[in-house]
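None of these values were measured; they are calculated from a predicted model. Residue indices begin at 1 and follow the sequence shown.
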Amino acid sequence: MKKTGMAALALAAGMMLSGCKAGKTSTFPPQQSAVYVSKEGAIYTAIVEHYDASDTGYSGEELRAMAEQEAADYNREYGTGSEALVSVAECTVSEGTATLVFCYGAAEDLCRFTEISQDTVNHPQQLQVTTNSVYLTGNDSEGGWTDARKNSATTLGAVRKKKDLPMVVVSGPVTVQTEGQILYYSGAVTLKDEFTAQVSEGEAYIVFKY
């Protein structure tokens, strides 16, 4: 991220998760640009960019101010009450890494805000956070399913078997990082690690561990 491109960095989203949770979870704030989904269904986006640490022209205060203004403009345009639809949760510029994270009130706010901000990195065409019990009842995804832990094909019945697992339904090229380990996925998905799915096209389904 160049100094003149700070506004471009102010295109992401997220919120700090407080405290430590039992079990294996992914890093938050993310160390990569991604849409982040928590076990409870909270949604964030993050842009993480690296710069020359010797350049002293980077200002976390300026970046936060621009990001907060962008969020305030969105809330004024689309909000109807006192609760913010978009808020800045994390903004750091340190040791060659700039991280900006926004938190969203709803999936539609994430999609719309990133579109307005021209955030092509974290801009899904559609996004829904649900559970396998809810979505996979009467909604059979096209294509086959993969068991991420075994790296082998599995059945829809196996995905349905364990109830109430968090599930992300997403369309368009985007990186999704889940708080819990990814268990199953369907669609044009490549796993970057056990918590991160790179969706290249079309609609994808990602079920992860609570």
I need the [X] [atom1] to [Y] [atom2] distance, nearest 0.5 Å.
{"X": "I47", "Y": "D119", "atom1": "CD1", "atom2": "CG", "result": "4.0 Å"}
{"X": "C103", "Y": "E90", "atom1": "SG", "atom2": "CD", "result": "12.5 Å"}
{"X": "D193", "Y": "Q181", "atom1": "CG", "atom2": "CD", "result": "10.0 Å"}
{"X": "I43", "Y": "E108", "atom1": "CD1", "atom2": "CD", "result": "9.5 Å"}
{"X": "K209", "Y": "I182", "atom1": "NZ", "atom2": "CD1", "result": "13.5 Å"}
{"X": "E203", "Y": "Q125", "atom1": "CD", "atom2": "CD", "result": "10.0 Å"}

Judged by atom type as modelled, is there a donor-acceptor pair below 3.5 Å linking the side chain of [X] to the main-chain atoms of [Y]?
{"X": "D147", "Y": "Y184", "value": "no"}
{"X": "S186", "Y": "G144", "value": "yes"}
{"X": "T130", "Y": "M167", "value": "no"}
{"X": "T178", "Y": "G180", "value": "yes"}
{"X": "N122", "Y": "T114", "value": "no"}
{"X": "S133", "Y": "D164", "value": "yes"}
{"X": "Q126", "Y": "S171", "value": "no"}
{"X": "S33", "Y": "V48", "value": "yes"}

For [X] against [Y], the heavy-atom pair lying closest together:
{"X": "T146", "Y": "T154", "answer": "C-CG2, 4.0 Å"}
{"X": "E70", "Y": "S117", "answer": "OE2-OG, 3.1 Å"}
{"X": "P30", "Y": "Y36", "answer": "CG-CD1, 3.8 Å"}
{"X": "V86", "Y": "A71", "answer": "O-CB, 3.7 Å"}
{"X": "Y44", "Y": "S38", "answer": "CE1-CB, 4.3 Å"}
{"X": "A148", "Y": "L191", "answer": "CB-CD1, 3.7 Å"}

State, yes or no, whether a side-chain contact exists between [X] and [Y] at a heavy-atom distance under 4.5 Å.
{"X": "F208", "Y": "V37", "result": "yes"}
{"X": "Q128", "Y": "Y135", "result": "yes"}
{"X": "Q177", "Y": "K192", "result": "no"}
{"X": "Y74", "Y": "L85", "result": "yes"}
{"X": "Y78", "Y": "I116", "result": "yes"}
{"X": "P124", "Y": "L110", "result": "yes"}
{"X": "K162", "Y": "L183", "result": "no"}
{"X": "T27", "Y": "F195", "result": "no"}

Worksheet item: Does V189 share a hydrophobic cluster with L127, counting links as ILVMFWY side-chain heavy atoms below 4.5 Å and allowing steps through other members?
Response: yes

Discussion item. I'd like to know if V129 and F113 are part of one continuous hydrophobic network [Ile/Leu/Val/Met/Phe/Trp/Tyr, side-chain heavy atoms within less than 4.5 Å].
Written reply: yes

Item to complete: May I ask you to check whether T196 and Q32 show a side-chain donor-acceptor distance below 3.5 Å?
Response: yes

Practice prompt. Name the orientation class of the two ring planes belonging to W145 and Y205 (parallel below 30°, tilted from 30 to 60°, perpendicular beyond 60°).
Written response: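 It falls in the tilted class, 30° to 60°.
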
